[in-house]
2 protein chains.
Amino acid sequence: MSNLDQIAKLAGFSKATVSRVLNNSPHVSPETRDTILAIMKQLDYVPNGNAVSLSKGRTLQIGMCAEGINEAMLPFLNSFVETASQNGYQTIIYTSGGDAKQELKAFEELRRKRVDALVIITCVNDHALLGSYCKYGPIVSWQRMELPEIRSVAMNQYDGYKLGVEHVIEQGCTRIANVLGRPSSMNTLSRLAAYEEMMKKHHLPIRHEWSLTGIYSIRDGERVVRELLLGGGEHPDAVLCANDLVAAGLLNEARRQRIRVPEDLAIVGFDNTELAHTLGITSIDNPIAAQAQNAFYLLLGKLNQAESVQQKLQFSLVKRVTT
Amino acid sequence: MSNLDQIAKLAGFSKATVSRVLNNSPHVSPETRDTILAIMKQLDYVPNGNAVSLSKGRTLQIGMCAEGINEAMLPFLNSFVETASQNGYQTIIYTSGGDAKQELKAFEELRRKRVDALVIITCVNDHALLGSYCKYGPIVSWQRMELPEIRSVAMNQYDGYKLGVEHVIEQGCTRIANVLGRPSSMNTLSRLAAYEEMMKKHHLPIRHEWSLTGIYSIRDGERVVRELLLGGGEHPDAVLCANDLVAAGLLNEARRQRIRVPEDLAIVGFDNTELAHTLGITSIDNPIAAQAQNAFYLLLGKLNQAESVQQKLQFSLVKRVTT
DNA sequence: TTGAAAGCGCTACCAA
DNA sequence: TTGGTAGCGCTTTCAA
């Protein structure tokens with residue numbers, strides 16, 4: 001493995017000049033540049049990334065923090081990784097499995113200067129604690145946060161959820177249930193607020209036992225059918241789901257139980273993923289890839305002390321056969 | 001931001017001693033250690049990751065190369081990231097979007113010592129070219145490779161596919177179609193070989209127009225129904241799918257077209273993912289998470305010049321309602 | 001047990 | 001346009 005020193009010696013120039021060639025400095029004569037480039041090629045030279053990072057004080061690496069990666073995050077992840085890459089940044093994944101200690105390691109890596117910035121997909125630590133890491137570098141979040149220091153690129157799901165509630169009401173549903181994710185996350189609270197407002201506006205009854213939380217996956221969705229639709233008493237005639245996975249599980253199990261969709265039960269997903277399209281699930285479109293781009297450019301802006309232009313985004317409802 | 005030098009000065013010891021404390025060297029007296037640790041805590045000190053990497057010549061980072069991340073890779077990705085993390089290694093994602101030039105950047109990062117090793121999920125460059133990067137660090141692959149230098153942790157799908165073909169034949173199917181992924185990948189070839197062998201063994205006709213390639217996603221699976229099952233003439237009575245996504249698309253579209261499953265058409269997926277479970281798709285179980293662990297330990301072994309123990313793995317068929 | 005000093009490989013400032 | 005040199009922050013031998 002050759003290094004700058006060797007190149008400099010062989011070419012008969014100083015390390016400084018070789019470094020200039022490496023960094024495309026205009027202050028190098030064409031002949032000198034050619035000579036040096038030739039030697040580099042000959043020795044199969046590439047600069048050592050760690051040395052560059054140490055010297056420059058920047059790694060061109062961005063950390064991505066999540067409990068674990070699932071389908072719902074894929075559009076965000078792919079879009080972020082690609083956007084970053086186009087701008088010369090690599091993405092390091094830190095998954096915590098929901099362990100707060102483990103999660104904190106990602107933030108420590110920011111402090112240790114292994115990454116220049118951090119993007120949170122989901123996090124479990126106290127937000128204020130995480131916010132204290134902002135002094136080590138820019139942090140942005142997908143998950144909505146309670147602090148001003150860590151901006152979130154996610155949209156206020158209040159607006160999106162309202163579309164869903166409005167839609168099933170228009171379809172004639174009156175007994176509307178919510179199947180939600182993390183119990184007291186901002187998204188859940190926003191959705192509940194939208195739900196309650198719409199229900200009140202239309203003078204429909206709000207039944208708290210029809211708002212379930214902690215539902216995330218296909219299997220969770222299947223379980224919901226048993227909890228919400230198979231017991232005695234009155235059943236909901238519409239369910240708004242935490243995401244399309246849940247909606248898929250719900251739909252599948254409902255059909256298995258001979259519940260007619262949408263006649264007896266309307267189902268609305270969230271995010272409008274490929275899965276919703278495939279299974280014909282009505283879903284609320286959430287422009288996730290664009291949010292990831294916003295996230296990256298927000299970080300890049302802070303890294304370069306420049307203002308970054310953010311795309312304006314909005315929700316929309318895609319009606320399919322489940323409503 | 002404090003550094004080693006400041007800690008050393010404040011503590012009244014040399015940098016060497018401070019470094020020893022950092023690296024848990026036994027050659028430090030307890031009192032010295034305590035003093036130094038106290039100062040570190042007081043100054044909120046953490047070592048600079050880049051400096052450590054440069055000095056040690058190792059980054060504790062492993063690159064992961066893929067065209068893009070999709071659901072099928074998630075179990076591998078999550079398992080790999082977690083296993084790596086447990087062993088002190090972080091994972092950097094490099095996606096190429098199928099662009100060979102872009103993909104090569106991941107391998108250049110190995111050469112530049114930004115990562116200690118590389119794991120290939122999928123790659124598009126010439127294998128021999130990629131193999132030439134082995135001199136810069138260990139490389140292992142999930143996708144099967146044609147070179148001995150880059151070992152693959154994937155299993156020979158010949159064995160798995162045979163289970164599938166055998167199964168549908170046992171169910172009484174005779175007109176068996178294959179829906180495959182990358183046209184001339186080793187997996188596709190292995191599957192075709194298994195198919196042909198089983199068909200010959202049972203004296204069943206092999207119809208090459210019933211072997212489709214380049215099918216990956218749910219939507220692709222939906223398309224297959226139109227191509228394979230809706231035209232005039234004879235139709236297959238069983239389809240073995242590239243993966244569970246394809247099987248899901250196929251199943252869904254078949255039902256939409258009023259094709260009875262499994263009476264008129266048996267469907268077998270591959271990988272036995274959550275989706276297959278949910279939709280009740282018979283699938284061939286592929287222990288992917290374990291393969292990811294094998295991949296990591298293979299790399300770790302080479303990094304530490306030690307032999308690594310590999311888990312022995314095998315396929316199995318999970319029968320559900322689509323056969 | 002501790003310290004001095006020579007790396008690790010590159011950047012960037014100041015002179016020339 | 002080029003070179004000298006002092007960093008960047010930590011590790012690791014060699015001596016003491």
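Numbers restart at 1 for each chain; the letters A, B, ... are given by sequence-line order, proteins then strands.
Nearest to the side-chain atoms of B/Pro47 among the listed nucleotides D/dC10, D/dT11, C/dC10 stands D/dC10. Among the nucleotides C/dA4, D/dG4, C/dT11, the one closest to any side-chain atom of A/Ser19 is C/dT11. The B/Thr32 side chain lies nearest to C/dT1 when the options are D/dC10, C/dT1, C/dG9. Out of C/dT2, D/dG3, C/dC10, the shortest distance to the side chain of A/Tyr45 is found at C/dC10. Picking from D/dC10, C/dA4, D/dG3 the nucleotide with the shortest atom distance to the side chain of A/Phe13 gives D/dG3. Side-chain proximity of A/Lys15 to the nucleotides D/dT2, D/dC10, D/dT5 is greatest for D/dT5.
For the pair A/His27 NE2 and C/dC14 P, the interatomic distance rounds to 14 Å; values are reported in whole Å. As rounded to whole Å, 11 Å separates atom P of D/dC10 from atom CG of B/Asn23. With rounding to whole Å, A/Leu4 atom CG is found 13 Å from D/dG3 atom P. With rounding to whole Å, A/Arg58 atom CZ is found 17 Å from C/dC10 atom P. In this structure, the CG atom of A/Leu54 is 13 Å from the C1' atom of C/dA12, given to the nearest Å. The NZ atom of A/Lys56 sits 17 Å away from the P atom of D/dC8 (whole-angstrom rounding).
Remark: aromatic rings of B/Phe296 and B/Tyr89 are close, center separation under 6.0 Å.
If you check distances only, the side chain of B/Arg20 does reach the base of C/dG3 with a donor-acceptor pair under 3.5 Å.
Salt-bridge formation is not detected for the pair B/Glu108/B/Lys101: no Lys NZ or Arg NE/NH1/NH2 atom is positioned less than 4.0 Å from an Asp or Glu carboxylate oxygen.
Taking the six-membered ring where tryptophan is involved, the planes of A/Trp142 and A/Phe76 are essentially parallel, since the angle between them stays under 30° and well short of 60°.
Judged by distance alone, the side chains of A/Thr35 and A/Thr32 never bring a donor and an acceptor atom under 3.5 Å apart. Side-chain contact of A/Asp271 with A/Asn286: a donor-acceptor pair under 3.5 Å is present, judged by distance alone.
The nearest heavy atom of DNA chain C to B/Val28 and to A/Ser2 marks one nucleotide each, and the one closer to the 5' end goes with B/Val28.
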